[in-house]
Amino acid sequence: MENFVVSARKYRPSTFNSVVGQSHITTTLKNAIKNQHLAQAFLFCGPRGVGKTTCARILAKTINCQNLQPDIEPCNECESCKSFNTSSSFNIHELDAASNNSVDDIRNLVEQVRYAPQSGKYKIYIIDEVHMLSNAAFNAFLKTLEEPPKYAIFILATTEKHKIIPTILSRCQIFDFNRIQVQDIARHLGGIAEKEEIETENEALHLIAQKADGALRDALSIFDLIVTFSSGNKITYQDTINNLHILDYDYYFKVTDELLANRMGQVLLIFDEILRLGFDGHNFIIGLCEHFRNLLVCKDEATIQLLEVSDGVKKKYAEQSRNASPSFLLSGLNVASACDIHYKSSKNQRLHVELALMKLSHLNSLISTNQLAGEAQNGELKKKAVA
Ligand SMILES: [Zn+2]
C-alpha cells in the first residue's frame, strides 16, 4: 500500500468555507476579520471532533495571510499560508492542556507571548482541552489573558464549558460548536469517496454518520476502517453493518410487520435469530424504540425531516408507517421503553425482552377491539397494554 494518510488529516478543511456544519461560527469569524473587530481571546466549546481546532487553525492562517481573498478566505499560496499548511509556521502555538496542565507549562507559554512575531501580524495560541489546566495554571494565565499584547490572540478550546471558571469565561468571546448533522456528514463522506474513487451505497454513508454521533472526525476514521476492511474501492451497506456490528434495520421492519399481524411466534423466532447472531437484547430493544419513534415521526409531513436516514430507507419507513396506527406506535413505545428501563435490573434478561415482545404482539388486536373511542382512549390503552 502506498503512503496511506488518514482521511481526517488528508481532507482537513483549509478554508472557512470548507468547514462542515459550523457556518454560524465561520460567518461570524469572517465578519469580525472583515470589520477588524477581532477579539483577542476566544473560547471554542463543543463536543469532540466537530472542528474546533480546525477552525482555530484556519483563523490563525487567515489573519496572517499576506494576500487575503475578497471573500475573507486565506489564499493558501503566500509564504505565510504555506508555512501554516505545512505546520511550520512560528506564529501558531498549540498547547494540549490534557497533558500539559502544570504552572510551568503555562509559564513557558506566557514567556513566549512577550516576543512579537518575526513575520506576519499575529501570533496565535491555541490551548486545547483548557478545562484540564490546574487552578494554579489558570491563575498564572489570567493576567496575560487580561492584557495581551496587540499581536497575540488566544483560542481556548474545550469539550466541557461548565468546567471553565467564570473569570476566564468573562474574558473570552464564546463560540458554541454544533454536533454535525447526519445528512451533512454523509454528504461530506460522499464527496471524499468520489475523490478517492470509492464506490459507496448511500445507506452505508448514513449509517457511518449515525454511528459517529455528530463528530466528523469519528465518521472519517470509521470510513477509513471500512475502506480498509472491504478491500479497496467499494463500501456497501452490508460491509458496514458487519464491520460496525450493527443490527440490520431490516430486522426492525420485519419484527414490526409481524407485530402488526399479531404473529407472536414469528416475533420470538426473529428475536432468537438476532441473539444467535451475537447481538445484545438490550441494544435490540433500544433499536426497536427508535424504530417506533421513526415510524411516528413519519406520520406528519412536518416532522418527517427529523428522520436522519437515507432517502431509500425513508420510503420504507413511510410505507410501514401507513400500516401502523398512532395508538399502536405510542403504546408500543411505552412497552418497549419500559422494557429498556428495567432491562439492567432484570434477572432473566432474555425472558424480559420476550415478555415485552409478547405484549407488543397483542397490541394491535387489543387496539382494534377498543377502536370505539379512538384517539381519546390512548391513555387507557397504554395502561392496559402495560398491565
Ligand atoms: Zn495567504
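Residue numbers run from 1 in the order of the sequence given. We count ligands from 1, going down the list as the structure has it; atoms in each ligand are counted the same way.
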J.: Can R48 and D213 be counted as an ion pair, charged N to O under 4.0 angstrom?
T.: no

J.: Using distance alone, with no hydrogens and no angle criterion, decide if Q320 and D257 have a side-chain donor and acceptor under 3.5 Å apart.
T.: yes

J.: Go through the steps to decide whether D224 and S221 satisfy the test side-chain hydrogen bond (donor to acceptor under 3.5 Å, both in side chains), and finish with yes or no.
T.: CA-CA 5 Å; D224 285 347; S221 15; over 6 Å; no

J.: Which atom pair, heavy atoms only, marks the closest approach of S14 to S18?
T.: N-OG, 3.5 Å

J.: Strictly under 2.8 Å of the Zn ion (ligand 1): which protein N/O/S atoms qualify?
T.: C65 SG, C75 SG, C78 SG, C81 SG

J.: So does D250 pair up with K316, basic N to acidic O under 4.0 Å?
T.: yes

J.: Are there more than 12 heavy atoms of other residues, nucleotides or ligands under 6.0 Å from atom NZ of K254?
T.: yes

